[in-house]
Engineer: 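Quick one: the structure is below, and I'll ask about it shortly.
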Amino acid sequence: MENKLHLTMPRKHILVTEIENPVGLKVGMIQLNRPDVLNALNIELMKELVETLESFDMDSEIGCMVITGSQKAFAAGADINEMAEASTVEMIKRDQFATWDRIMKIKKPVIASVSGYALGGGCELAMSCDMIFAAEGAKFGQPEINLGIIPGAGGTQRLTRAIGKVRAMEMIITGKMYSAKEMFDAGLLTAVFADDVYLDETIKVAKEISNKPAIAVQLAKECIMKAYNTTIEDGIQFERRNFYLLFSSEDKIEGMKAFIEKRKPVWKNK
Ligand code: CAA
């Protein structure tokens with residue numbers, strides 16, 4: 001594989017697979033794997049997860065990534081055992097969320113496929129992804145308030161942007177859990193599937209994305225992410241420049257030619 005990063009640490013807390021895709025690029029799959037603690041996100045797991053995302057991002061054979069957990073838990077939050085004795089100074093020195101910030105730099109789409117608990121850092125990890133698919137029985141919440149803290153991995157910001165102030169306020173200040181249906185209705189989730197098919201359905205979408213022209217997918221993601229931190233005018237200019245940029249890609253020529261010739265395009269991803 002081209003450009004594959006060397007993983008600098010063994011992957012103790014995650015399972016990594018590449019899903020073959022006959023038509024297009026492969027899907028990079030990461031399964032959180034700390035079943036004894038409901039996939040609590042300790043520092044080591046997050047390092048492994050982010051290194052693997054970065055490795056997939058550099059791999060020209062991968063089109064899209066999926067992060068999932070187990071049937072019982074996507075992730076029940078940051079690892080409380082790691083934080084229980086920590087002081088402010090230790091937390092500042094640890095700077096554990098710097099690892100999380102690297103997720104924002106991933107260029108390819110990342111999908112969260114959630115079953116069971118997505119609480120605290122688990123909900124924040126799902127929100128760090130580009131889309132969230134959930135099983136009907138999934139439960140979402142930001143229960144940090146019950147530990148005497150607040151969300152620390154972007155929850156107050158991402159949740160508020162996703163579902164609005166009044167709902168985010170209730171969710172974070174009460175610490176209550178919400179069903180997948182409630183979170184779908186609130187606008188946090190892309191889709192909800194039956195418990196036994198949620199992962200298959202997620203992979204189907206991930207493959208669909210992997211069948212699209214990769215450069216256009218990447219620039220589309222970049223433009224959508226830009227909408228979070230710019231004015232509408234600057235965002236529209238940013239989109240326009242990226243739109244024009246794609247006119248120098250081979251896939252643009254192929255896509256339009258194939259349409260006119262009434263055939264399926266063959267993407268070169270360049
Ligand atoms: N950290 C460490 N261990 C955890 C954990 C966490 N976030 N969540 C669950 N576990 C462990 C439990 O301690 C338990 O371990 P033992 O078997 O050794 O006792 C094991 O996972 C199974 O959990 P429960 O026995 O509690 O399972 P349950 O089915 O009765 O309850 C639950 C499930 C409601 C999710 C409950 O485990 C729970 O409330 N977990 C904590 C949720 C939470 O508060 N998350 C926020 C963490 S702080 C955070 O995330 C900060 C941030 O913004 C980054």
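Worth knowing before you read on, the calculation uses all heavy atoms, side chains too, and leaves out hydrogens, waters and symmetry mates. Counting convention: from 1, in listed order, for ligands and their atoms alike.
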Engineer: Any salt bridge linking Glu61 with Lys26? Criterion: basic side-chain nitrogen under 4.0 Å from a carboxylate oxygen.
Structural biologist: yes

Engineer: Answer yes or no: is there an ion pair linking Arg263 with Glu254, defined by an N-O contact shorter than 4.0 Å?
Structural biologist: yes

Engineer: Assess whether a salt bridge exists between Glu51 and Lys47, defined as any Lys/Arg side-chain N lying under 4.0 Å from an Asp/Glu carboxylate O.
Structural biologist: no

Engineer: Which parts of the protein, at residue level, reach under 4.0 Å of ligand 1 through a heavy atom?
Structural biologist: Asp36, Val37, Leu38, Ala40, Lys72, Ala76, Gly77, Ala78, Asp79, Ile80, Asn81, Met83, Phe97, Tyr117, Leu119, Gly120, Gly121, Glu124, Pro143, Glu144, Leu147, Pro151, Gly152, Ala153, Met177

Engineer: Under the side chain to side chain contact (heavy atoms under 4.5 Å, CB included) test against Met65, which residue among Asp57, Asp59, Ile111 passes?
Structural biologist: Asp57

Engineer: May I have all residue pairs that pass ring-ring contact (aromatic ring centres under 6.0 Å, His included) and include part of residues 226-245, sequence neighbours excluded?
Structural biologist: Phe243-Phe247

Engineer: Is any side-chain N of the basic residue among Glu201 and Lys204 closer than 4.0 Å to the acidic one's carboxylate O?
Structural biologist: yes

